[in-house]
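Written below as structure tokens is the structure these notes are about.
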Amino acid sequence: MQEPATFSSSQTIELFDRYVIPNYTRYPICLVRGEGSHVWDAEGKRYLDLFPGWGCNILGYCPPRVVQALQEQVSRLIHVPNTWYTEAQGLFAEKLCTHGFGKAFFCNSGAEAIEGAIKLARLHTAEGRHRIITFENGFHGRTYGALTATAQPKYQEGIGPLMAGFRYAPHGNLDAVRELVDQETAAIMVEPVQGEGGVNLPPEGFLEGLREIADENGCLLIFDEVQTGMGRLGTWFGYQKWGVQPDIMTLAKGVAGGVACGAIIATEEVAPSLRPGMHASTFGGNPIAMAAGVATAETIEQEGLLEHVTAMSDRYREHFTALQEELPIIREIRICGMMIGLDLTIPSGPAVKRCMEQGVLINSTHDTVVRLLPALNITEEQVDQGVEVVTSVLRDMAEDQ
Ligand SMILES: *Cc1c(COP(=O)(O)O)cnc(C)c1O
């Protein structure tokens with residue numbers, strides 16, 4: 001069904017051309033409505049979205065429980081600052097900490113969660129410890145602290161000086177971390193699975209090794225779970241998949257089912273170091289985001305989505321493993337839960353446009369990687385339909401070689 005759109009895509013694009021800063025490369029399509037893994041453009045064309053909301057729409061578009069919770073919340077209270085208590089913030093903190101650990105601080109985005117985590121690590125370790133070790137091809141956001149943590153030169157060019165006190169290690173290399181860590185190190189920070197950097201899985205023993213190094217050296221271990229958290233990997237949080245307990249974890253993207261929300265989770269021991277007056281966020285923990293977060297957690301619980309993620313992940317793996325045998329342009333398949341990367345021997349960018357023409361939305365990252373971040377509640381049929389289109393596009397691209 002098509003919702004009547006006021007403007008055509010091209011009319012909206014004209015507005016953007018005149019009034020919106022052109023810092024994004026956008027596809028020439030205006031989206032107007034979504035439901036589950038489907039989204040419609042202003043012309044009424046339907047797309048199957050295998051990358052809904054850049055990972056934020058973890059339950060797809062307009063998940064019913066989230067919509068209902070938002071409607072109820074919006075008519076009672078839209079914003080209350082953190083000088084008061086609200087039930088919604090207490091309940092969402094309870095959800096995150098009982099499925100995870102420790103205590104929560106709320107903010108509005110991934111980068112903001114990273115900034116808070118860096119401050120908390122420096123405050124907690126004190127005594128001259130300030131250094132943060134992060135990993136090449138990691139991604140932690142675009143504000144100065146988060147961007148300095150993001151060890152990718154292409155994002156750091158031309159905007160220096162960056163923040164002091166960061167060191168970078170090659171991903172997966174424990175020896176390099178041992179070399180870098182010292183008495184000035186406050187924390188080691190890593191994504192359990194690197195997302196933007198190409199869906200890079202941790203080599204065996206890597207996360208465990210980081211925990212050991214942190215313990216031996218008296219520094220903290222921070223997991224950036226902005227992308228891996230909230231069921232994405234088939235566990236509530238990525239750390240649980242490897243059984244490695246971080247001291248601090250950052251959350252955002254899908255944590256509130258598509259509503260802007262970020263969080264820091266810190267252990268009982270570390271949490272009190274974020275003392276009153278040392279950190280704050282005006283919109284952080286607002287009732288709208290909190291109500292959406294609670295409804296998102298309830299949906300994952302009540303619909304058994306963690307098990308579903310594991311089943312759909314296996315289904316993707318079967319499909320793509322068979323395809324890899326057929327197509328040598330697929331160099332490597334990297335799948336963990338609903339994080340899916342196909343590393344090609346050729347640029348992956350053209351696959352995005354070709355899939356879009358056939359009504360399927362995907363992402364290309366790190367030059368050669370086709371990346372999918374499907375909704376946790378994607379159906380078997382949708383997995384199969386999406387794979388069919390990706391398959392035909394990759395076959396065409398292989399033929400064009
Ligand atoms: C997207 C992302 C961020 C940044 O989140 P924003 O909300 O865009 O600031 C940080 N870390 C990871 C792992 C991410 O995937």
Side-chain angles (χ1 to χ4, degrees), residues 23-25 51-58 100 105-121 132-152 154-156 159 163 166 168 171 187-202 206-207 210 221-233 237-239 241-242 246 248-265 281 283-286 289 292-293 296 334 336-341 363-366 369 371-374 376:
N23 62 306
Y24 295 102
T25 310
F51 200 72
W54 208 265
C56 298
N57 300 351
I58 203 154
F105 164 87
F106 292 102
C107 52
N108 307 285
S109 71
E112 200 188 347
I114 295 292
E115 299 295 332
I118 293 168
K119 279 174 74 174
L120 174 53
I132 313 283
I133 296 173
T134 64
F135 294 89
E136 288 168 11
N137 294 324
F139 185 83
H140 302 289
R142 305 292 197 144
T143 53
Y144 268 92
L147 188 63
T148 308
T150 296
Q152 298 198 51
K154 67 177 172 185
Y155 294 131
Q156 299 179 339
I159 46 115
M163 214 170 128
F166 284 76
Y168 309 138
H171 185 241
I188 302 167
M189 182 161 76
V190 69
E191 297 158 82
V193 175
Q194 288 188 333
E196 192 275 345
V199 193
N200 303 318
L201 307 178
F206 179 56
L207 299 175
L210 292 180
L221 181 62
I222 304 173
F223 277 4
D224 179 355
E225 298 235 19
V226 166
Q227 202 167 126
T228 52
M230 213 60 183
R232 172 68 61 196
L233 303 186
F237 304 103
Y239 78 89
K241 198 152 185 123
W242 286 272
I248 302 172
M249 138 173 110
T250 55
L251 301 171
K253 291 221 165 81
V255 73
V259 175
C261 182
I264 302 171
I265 309 294
S281 172
F283 272 121
N286 68 79
T296 302
R334 299 194 284 267
C336 191
M338 284 297 99
M339 284 177 87
I340 296 161
N363 174 254
S364 152
T365 192
H366 221 70
V369 181
R371 179 165 65 140
L372 314 180
L373 285 173
L376 307 190

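Note that ligands are numbered from 1 as they come in the structure, with each ligand's atoms numbered from 1 the same way. Every heavy atom of this structure was used, including side-chain atoms; hydrogens, water molecules and symmetry mates were not.
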(request) Give me the one residue out of Q152, Q227, H366 that meets side chain to side chain donor-acceptor pair (under 3.5 Å) with E196. (result)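 Checked Q152, Q227, H366 against E196; only one passes side chain to side chain donor-acceptor pair (under 3.5 Å): Q152.
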(message) side chain to side chain contact (heavy atoms under 4.5 Å, CB included), that's the test. Do E136 and H171 meet it? Break it down for me.
(response) CA-CA 6 Å; E136 288 168 11; H171 185 241; 5.5 Å; no
(message) With a 6.0 Å cut-off (strictly less than), is the heavy-atom count around CZ of F283, excluding the residue itself, greater than 12?
(response)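 No, CZ of F283 has 12 or fewer neighbouring heavy atoms, counting only those of other groups under 6.0 Å.
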(request) Sort out the contact shell of ligand 1: every protein residue with a heavy-atom distance below 4.0 Å, listed by chain and number. (result)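 Only S109, G110, A111, F139, H140, G141, E191, D224, V226, Q227, K253 have heavy atoms that fall under 4.0 Å of ligand 1, ordered by chain and number.
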(message) Between W54 and F51, is the ring centroid distance below 6.0 Å?
(response)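 Yes; F51 has its ring centre under 6.0 Å from that of W54.
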(request) Measure the spacing between CD of Q156 and OG1 of T150 and express it to the nearest 0.5 Å. (result)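 Reported value, rounded in 0.5 Å steps: 7.0 Å.
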(message) Counting C-beta onward and ignoring hydrogens, is there a side-chain heavy-atom pair between V190 and L207 closer than 4.5 Å?
(response)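 Sidechains of L207 and V190: in contact.
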